[in-house]
Protein chains: 2
Amino acid sequence: MQSYTEENYLKIIYHLSEISHPVQTNAIAERIHTKAASVTDMIKKLSEKELVNYVKYQGVTLTEKGKLTAINIVRKHRLWEVFLVDKLNFKWDEVHDVAEELEHIQSNLLIERLDEFLHFPSVDPHGDPIPDKHGNFVELAFVKLSKLNSGDNGTITGVSEHSSSFLKHLEKLGLTLGKRIEIIEVLEFDGSVELLVEQQKTNISREVAKHILITKN
Amino acid sequence: MQSYTEENYLKIIYHLSEISHPVQTNAIAERIHTKAASVTDMIKKLSEKELVNYVKYQGVTLTEKGKLTAINIVRKHRLWEVFLVDKLNFKWDEVHDVAEELEHIQSNLLIERLDEFLHFPSVDPHGDPIPDKHGNFVELAFVKLSKLNSGDNGTITGVSEHSSSFLKHLEKLGLTLGKRIEIIEVLEFDGSVELLVEQQKTNISREVAKHILITKN
DNA sequence: TTCATTATTTAGACAAATCTAAAAATTTTA
DNA sequence: TAAAATTTTTAGATTTGTCTAAATAATGAA
């Protein structure tokens, strides 16, 4: 079993792995609000436990064992988010911090029962997929716009944020359901996305891109 | 805010206060599975934070502030137990360890919403009362037999454990609903209770006494 | 009421996770 | 490609909660 802190490191490394591979010490330090020196210490420890592969000065990647642990934490986090929104009427932007604590509760029975109670949801309130108990993600029909790369194109099939201010914003940009889009470029420094809708060039922030669901083709 | 460990100490001191006043170092050590020396250290710390009153060699009592904190943890513990049994179909004897973890989640909103979701229950699955958010317990019509003292008498009005083996055991002892009982003595060393039912003297263990609900008079 | 027993505290040490400051390696830039 | 800048690691210290062993206080028995 891993400590609360170890679990957090594994989860962050898992998320950062989607962006860069291997994951750098400083990137982890920033996300976990700690210092690079502390990260090095913890990485060594996780490496001894064979949860990460670590090469000095080169960064870390998760081992199979580490990845499974991380995915399980992500699973718990997202199931709790569904619970908070669907059952306790939290708003989607109120759930993160609480789920951050709940994800560390140790009980397989609890999570299996919760999953059942929620009718085995496949996505969380932010539109992120929920892995099953074996760590498998179902193939979703859609993907977040923020996950696309330059050159990709697809059709807007949904949103994961339903506030009227957000929807009005999309309308103003012409980003409505059914529209075809093409990614021109994903800006390195802030993750904002330059895209094409009906011959029109638009730039949207990473935050906005996160909440637009796309069917690729 | 208190640490996870501090919260546990406060909770244990609160529970032990019902038995002895002030609470002794060794009693805490035993309940928390730690050594007396560690307890002394922690008590000093809690005393500096004005959560307990501490006199060397005399034991501890909770301050008003400490008591409120402890009651809030008890509240959270019991609400989670209700959730686990009512919503996730846990059995009453499966909930304790998980609730022990859940009680430390920090979010007032979460607990208020959970309370509402469960329709403001007044007792947990073991028949223990659930304090409201101000720390007040409602006066219950019944009390656990294990809370009575010698000389007390009353009527059996319920049980908080429904396994058939337990109910058969009660039947054999003649401890059925509606029967009048009188406490002869509560044994110091194991908390077992000597009582009178229909002129018949019986001895029941503390565990059994905990699950028999009595209406006093 | 003195001695023995038990309970509690003190002193010093340890493991986990963190930090600062300095050293070492890597990357960037000129 | 050598110097400068950045990133990462090491060394040593700190905090929290724990421990063992020894010292001290309180309690109980003769």
Side-chain angles (χ1 to χ4, degrees), chain A residues 1-13 16-17 19-62 66 69-70 73 100-101 103-104 106 188-189, chain B residues 1-13 16-17 19-62 66 69-70 73 100-101 103-104 106 188-189:
Chain A
M1 210 74 289
Q2 290 75 233
S3 72
Y4 189 103
T5 312
E6 287 169 353
E7 286 192 353
N8 268 333
Y9 272 89
L10 292 173
K11 181 187 62 172
I12 299 295
I13 294 167
L16 291 173
S17 292
I19 299 167
S20 83
H21 214 75
V23 177
Q24 280 152 291
T25 305
N26 263 353
I28 299 169
E30 200 175 307
R31 276 285 284 271
I32 238 158
H33 298 116
T34 186
K35 295 294 146 74
S38 313
V39 174
T40 302
D41 288 345
M42 179 54 82
I43 281 171
K44 280 187 191 162
K45 192 176 153 194
L46 293 174
S47 176
E48 262 158 46
K49 292 191 173 188
E50 306 198 313
L51 292 160
V52 301
N53 305 114
Y54 170 53
V55 184
K56 256 195 203 178
Y57 292 100
Q58 310 275 103
V60 280
T61 57
L62 291 173
T69 307
I73 298 160
E100 204 80 345
E101 289 191 56
E103 72 191 6
H104 300 289
Q106 304 293 157
E188 184 69 44
F189 74 103
Chain B
M1 211 74 287
Q2 291 75 235
S3 73
Y4 190 103
T5 312
E6 288 168 352
E7 286 192 351
N8 268 333
Y9 272 88
L10 291 174
K11 181 186 62 174
I12 299 295
I13 294 167
L16 291 174
S17 292
I19 299 168
S20 83
H21 214 76
V23 177
Q24 280 153 294
T25 306
N26 263 352
I28 299 169
E30 201 175 306
R31 276 285 285 272
I32 238 159
H33 301 296
T34 187
K35 295 294 146 74
S38 313
V39 174
T40 302
D41 288 345
M42 180 54 84
I43 281 171
K44 280 187 191 161
K45 193 176 154 194
L46 294 173
S47 175
E48 262 158 46
K49 292 190 173 190
E50 306 197 314
L51 292 160
V52 301
N53 305 115
Y54 170 54
V55 184
K56 257 195 201 179
Y57 293 100
Q58 309 273 105
V60 279
T61 58
L62 292 173
T69 307
I73 298 160
E100 204 80 343
E101 290 191 56
E103 73 191 8
H104 300 288
Q106 303 293 158
E188 184 70 41
F189 73 104

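Every heavy atom of this structure was used, including side-chain atoms; hydrogens, water molecules and symmetry mates were not. Here is how names work: the chains are called A, B, and so on, in the same order as the sequence lines, proteins then strands, and each is numbered from 1. If you're wondering where the values come from, they're calculated on a predicted model, not measured in any experiment.
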I need the CD-C1' distance between A:Gln58 and D:dT7, as an integer number of Å.
12 Å
Starting from P on D:dT7, measure out to NZ on A:Lys35 and report it in whole angstrom.
15 Å
Look at B:Thr34 and D:dC19 and indicate whether a side-chain polar atom (N or O) is within less than 4.0 Å of OP1 or OP2.
yes
Using atom CD1 of B:Ile32 as one end and atom P of D:dT16 as the other, report the distance to the nearest whole Å.
18 Å
Please report, rounded to the nearest Å, how far the P atom of C:dC19 is from the NE2 atom of A:His33.
12 Å
Comparing nearest nucleotides in DNA chain C, the 5'-proximal residue of the pair A:Tyr4, B:Gln24 is B:Gln24
Separation of D:dT15 P from B:Glu6 CD (nearest whole Å)
15 Å
Please tabulate the protein-to-nucleotide N/O contacts below 3.5 Å involving nucleotides 10-14 of chain D, giving atom names and distances.
{"from": "D:dT10", "atom 1": "OP1", "to": "A:Lys56", "atom 2": "NZ", "distance (Å)": "2.7"}
{"from": "D:dT10", "atom 1": "OP2", "to": "A:Lys44", "atom 2": "NZ", "distance (Å)": "2.4"}

Atom CD1 of B:Ile28 to atom C1' of C:dA7: distance rounded to whole Å?
13 Å
Check the distance between C:dT28's C1' and A:Tyr57's OH and give it to me in whole angstrom.
17 Å
It should be established whether A:Asn26 places a side-chain nitrogen or oxygen under 4.0 Å from OP1 or OP2 of nucleotide D:dT6.
no
Tell me: CD of B:Glu48 to C1' of D:dT16, nearest whole Å?
14 Å
